[in-house]
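As structure tokens, the structure follows; a few thoughts come after it.
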Amino acid sequence: MLIRTHTCGEVRESHVGSTVRLNGWVNSYRDHGDLIFIDLRDRYGLTQLVFDKEEMTKTPAIMEAADKLRNEDVIAVEGTVRVRIGGENPKLATGKVEVVVGTLEVLAKTDNPPFLPEDPTQDGKIKLANEELRLTHRYIDLRRPSMQRILSTRHKIYQVTRKYFDENGFLEIETPILYKSTPEGAREFLVPSRHVSGTFYALPQSPQLFKQILMVSGCDRYMQICRCFRDEDPRADRQAEFTQIDLEMSFVRREQIMTMMEGFVRRLWGEVAGVTVPPMQRMDYRTAMEDYGIDRPDTRYDLKIKDISAFAAKMDFGVFKSVLEKGADRPRFYSKKGVVKAMRVPGGAEKLTRKITDGYTEFVKGFGAGGVAVVKVIKGEDGSPKLDTGIAKFLEPLKAEFLALLGAQVGDTVLFVADAYGVATKAIGELRQKVARDMGMVPKPGAEGGPWNFLWVVDFPMFEKNKETGKWVAMHHPFTSPRDDQMQAFLEASEDDEVTIEGIVSAGYDVVLNGQEIAGGSVRIHDRAVQSKVFKLLGMTPEQAKEKFSFLLEALSFGAPPHAGVAFGLDRLVMNFIGTDNIRDVIAFPKTQIGSDLMTRAPSYVPDVQLKDVHVQSIAPPKA
RNA sequence: GGGGCGGUAGCUCAAUUGGUUAGAGUACCGGACUGUCGAUCCGGUGGUUGCGGGUUCGAGUCCCGUCCGCCUCGCCA
């Protein structure tokens, strides 16, 4: 075989006159009979090859072989670099030169490929094949230049991550993939044991407990780029199998680990995107929920939400009145109290047509809310603001107060959602994001010059009530510590003191980037008594806690240092750098919505003998 | 588990809204061509319209079921 001396991306004018060998795939061919051009591709780029009959008088067989070359054949060539005779191709980095082939070796002929690994063009003349087809033949799809760029960006992130944490004294330590089942939170993937019939491992949702135990082990600073598994339905930005940058530090409190994380974010964006990340803002959970209706606010646009319940109570509008009257008045975050929330949309009067705002009602219904009330502020005949459409007549008697309350001006639309606190908050929070998109207020970061808005969200509640069971569940996870100044109150709180427990704030923190959670973590509990109390509040008996987490509780009782940690969603980091909304784009071999790998056709049926080995019997009907 | 969208040559899409033999571009096959770079020109092959039922004189089109893919609600400690 003609082993390559250069890649297809590096041949330049400086190579003119020299003999080179190239290996790669036929990207395209232009056959003029006795003159054939081939664009040869590898992951570094394209180089034009020329097969010229006049130069092949001694080896005419090469012309015949070149004539038969087709897209995606794999070849090796040896030839001479020269300046292009037909003029430069400015689209290619190698566009000033070409290689006149003297020797051709066909390394592999291809069958007619189901699609060609071409990136879509701006003009729409080249379109991507179906994702389904591309995933089935992912080996072809990954040849696309943009997929190669994604894989290399991902690689770069791995390298910067390891370098940063290595420089800061972190040890990279692998934790088991065959984990203990701890069925809190996400549904787990189970793996049956062959040695002990009837028992199962679970694949880790995260290496949470092992990394805490590494702290007890004196490892002091740990990191790992690890695969995590959650057997829940996926979304455009969620896969059952995903990658985290996982870490944990000993002898720190919240401030120290947040500083370490910010340093990482700054390094990563600096090295991968050439972006200087300013000091990150902080927002407490309560403010996020009140002003943005979500725990991961997108601060690239303003569109703040305002609770106008007190004002709305003065309106003679039946819908608002009945909402405000219904619902138990519970004091904190998950109050069932009826509220009226409003959002002023600057410039909305023109852009948000009746059709669009009608759509908003359908939209919020999806989140359990009844609908969206609308009012427009238009210019009256005397030039002063006038309320128009929707609920204008109900607002008219309180117009001045209303305009002042929301700072509404001519040209604005104000949208209202009235419902129980939790429903209204969620609905208008989601609506806020939709309105921002509809209004064209969401700039794309990176290439389009939009901002990278990083934000810490802190001071989450420790616990929330499960809507169905009415039991306490940990908002983050049950190993999260109360904030230091809350510890005393937490330990002293009686279990049935719901008001106090609901008000306990944790030492957790999330990193939010442009409305997306990219990392989350917390100071952990390192005191066995605190951990036991959390388990108890979550409804676990001491026996159950012991059965599930005895190793943790024991570890905590044998000298556990104060520690804290974080996990970054690596796939989402890549998505941000690449600018895609599709997580499958940034994973080499992703799965579909029902968890199948279209290329390998996993999952698959296995022979009964294999099941018998692991003491499992399938209750599913046999399938051909 | 719920809601929505989609599946037509290898690929990307059409098919006058139920009406003749399901078309086009591209890919592929054959031919021509020495300066192309989306090469061009000429000719050709290629379809159980995802699958199974039903309605109808007649179904790619309507109905039911099913499979697959995507988006989404729930879910994701």
Side-chain angles (χ1 to χ4, degrees), chain A residues 27-39 46-56 63 67-68 70-72 84-92 94-95 98 100 110-116 118 120-121 123-137 140 182-188 205-206 208-209 228-240 242 362-368 426-427 430 460 462-464 466-468 471-480 506 508 517 520 522 534 538 569 581-582 584 591-594 596 598 601 623:
Chain A
N27 192 66
S28 64
Y29 61 94
R30 296 175 291 280
D31 186 345
H32 292 231
D34 292 335
L35 178 71
I36 299 170
F37 300 97
I38 301 265
D39 290 339
L46 293 177
T47 294
Q48 174 164 284
L49 309 179
V50 182
F51 295 80
D52 188 332
K53 194 175 187 183
E54 285 178 10
E55 315 222 9
M56 299 271 181
M63 277 317 278
D67 186 58
K68 292 196 178 76
R70 291 297 177 268
N71 294 330
E72 301 311 308
R84 287 194 181 204
I85 291 175
E88 180 184 353
N89 181 351
K91 292 179 193 168
L92 297 182
T94 61
E98 61 191 9
V100 187
T110 177
D111 288 344
N112 187 24
F115 60 95
L116 292 176
E118 299 173 306
T121 51
D123 59 18
K125 284 178 181 164
I126 295 176
K127 285 185 178 178
L128 274 184
N130 261 333
E131 190 178 22
E132 191 174 350
L133 187 76
R134 289 189 287 111
L135 292 180
T136 305
H137 304 277
I140 297 174
T182 54
E184 313 284 316
R187 187 183 293 115
E188 299 171 321
Q205 302 171 36
S206 91
Q208 182 61 33
L209 297 175
C228 302
F229 306 87
R230 292 177 189 173
D231 191 7
E232 300 289 351
D233 289 352
R235 288 287 185 279
D237 63 349
R238 231 165 63 190
Q239 282 264 303
F242 63 102
E362 290 311 304
F363 180 76
V364 300
K365 279 180 181 170
F367 301 97
K426 166 105 181 165
E430 296 291 336
F460 296 86
M462 282 280 287
F463 303 98
E464 58 186 334
N466 180 294
K467 280 167 236 154
E468 282 144 35
K471 289 182 180 168
W472 291 116
V473 292
M475 188 150 183
H476 185 51
H477 59 52
F479 319 107
T480 300
S506 83
E517 182 191 334
S522 61
V534 169
L538 296 177
D581 295 326
N582 180 353
R584 294 179 299 278
K591 293 186 173 60
T592 70
Q593 295 222 335
I594 58 167
S596 66
L598 295 174
R601 301 192 176 215
K623 211 172 174 182

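Note: hydrogens, waters and symmetry copies are ignored here, and every other heavy atom, side chains too, is used. First the proteins, then the strands, lettered A, B, ... as listed; each starts at 1.
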For [N] and [M], measure between their [atom1] atoms and round to the nearest Å.
N	M	atom1	value
B/C13	B/A22	C1'	13 Å
B/A27	B/U17	P	33 Å
B/C63	B/U55	P	15 Å
B/C67	B/C51	P	15 Å
B/G23	B/U16	P	13 Å
B/U40	B/G52	P	40 Å
B/U72	B/A14	C1'	30 Å
B/C62	B/G18	C1'	8 Å

Check this for me: does the side-chain of [X] come within 3.5 Å of the base of [N] through a donor and an acceptor?
X	N	value
A/Arg584	B/C70	no
A/Glu98	B/G35	yes
A/Arg230	B/C76	no
A/Arg84	B/C37	yes

Pairing partner (Watson-Crick or G-U wobble, both distances under 3.5 angstrom) of [N]:
N	result
B/C76	none
B/G30	B/C42
B/C5	B/G69

So what does [X] touch, heavy atoms closer than 4.0 Å: a base, only the sugar-phosphate, or nothing?
X	value
A/Ile36	nothing
A/Ser596	sugar-phosphate
A/Lys426	sugar-phosphate

For a quick test of reading the model: is some side-chain N or O of [X] closer than 4.0 Å to OP1 or OP2 of [N]?
X	N	answer
A/Arg30	B/U36	no
A/Tyr29	B/C28	yes
A/Arg70	B/C29	yes
A/Gln593	B/C71	yes

Handout entry: side-chain hydrogen bond (donor to acceptor under 3.5 Å, both in side chains) against A/Thr592, all qualifying residues, sequence neighbours excluded
Key =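 Per chain and number, A/Thr592 pairs via side-chain hydrogen bond (donor to acceptor under 3.5 Å, both in side chains) with A/Ser596.
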
Handout entry: Results of side-chain contact (heavy atoms from CB on, under 4.5 Å) for A/Asn71 - residues two or more places apart only
Key =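 Result, side-chain contact (heavy atoms from CB on, under 4.5 Å) vs A/Asn71: A/Val26, A/Ser28, A/Tyr29, A/Leu116.
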
Please report the distance, rounded to the nearest Å, between [atom1] in [X] and [atom2] in [N].
X	N	atom1	atom2	result
A/Glu131	B/C68	CD	P	17 Å
A/Asp31	B/C33	CG	P	11 Å
A/Asp52	B/U34	CG	P	10 Å
A/Phe51	B/U36	CZ	C1'	14 Å

Short N/O separations, protein against nucleotides 8-13 of chain B, under 3.5 angstrom:
from	atom 1	to	atom 2	distance (Å)
B/G10	O2'	A/Pro114	O	3.2
B/C11	O4'	A/Pro114	O	3.2
B/U12	OP1	A/Asn130	N	2.7

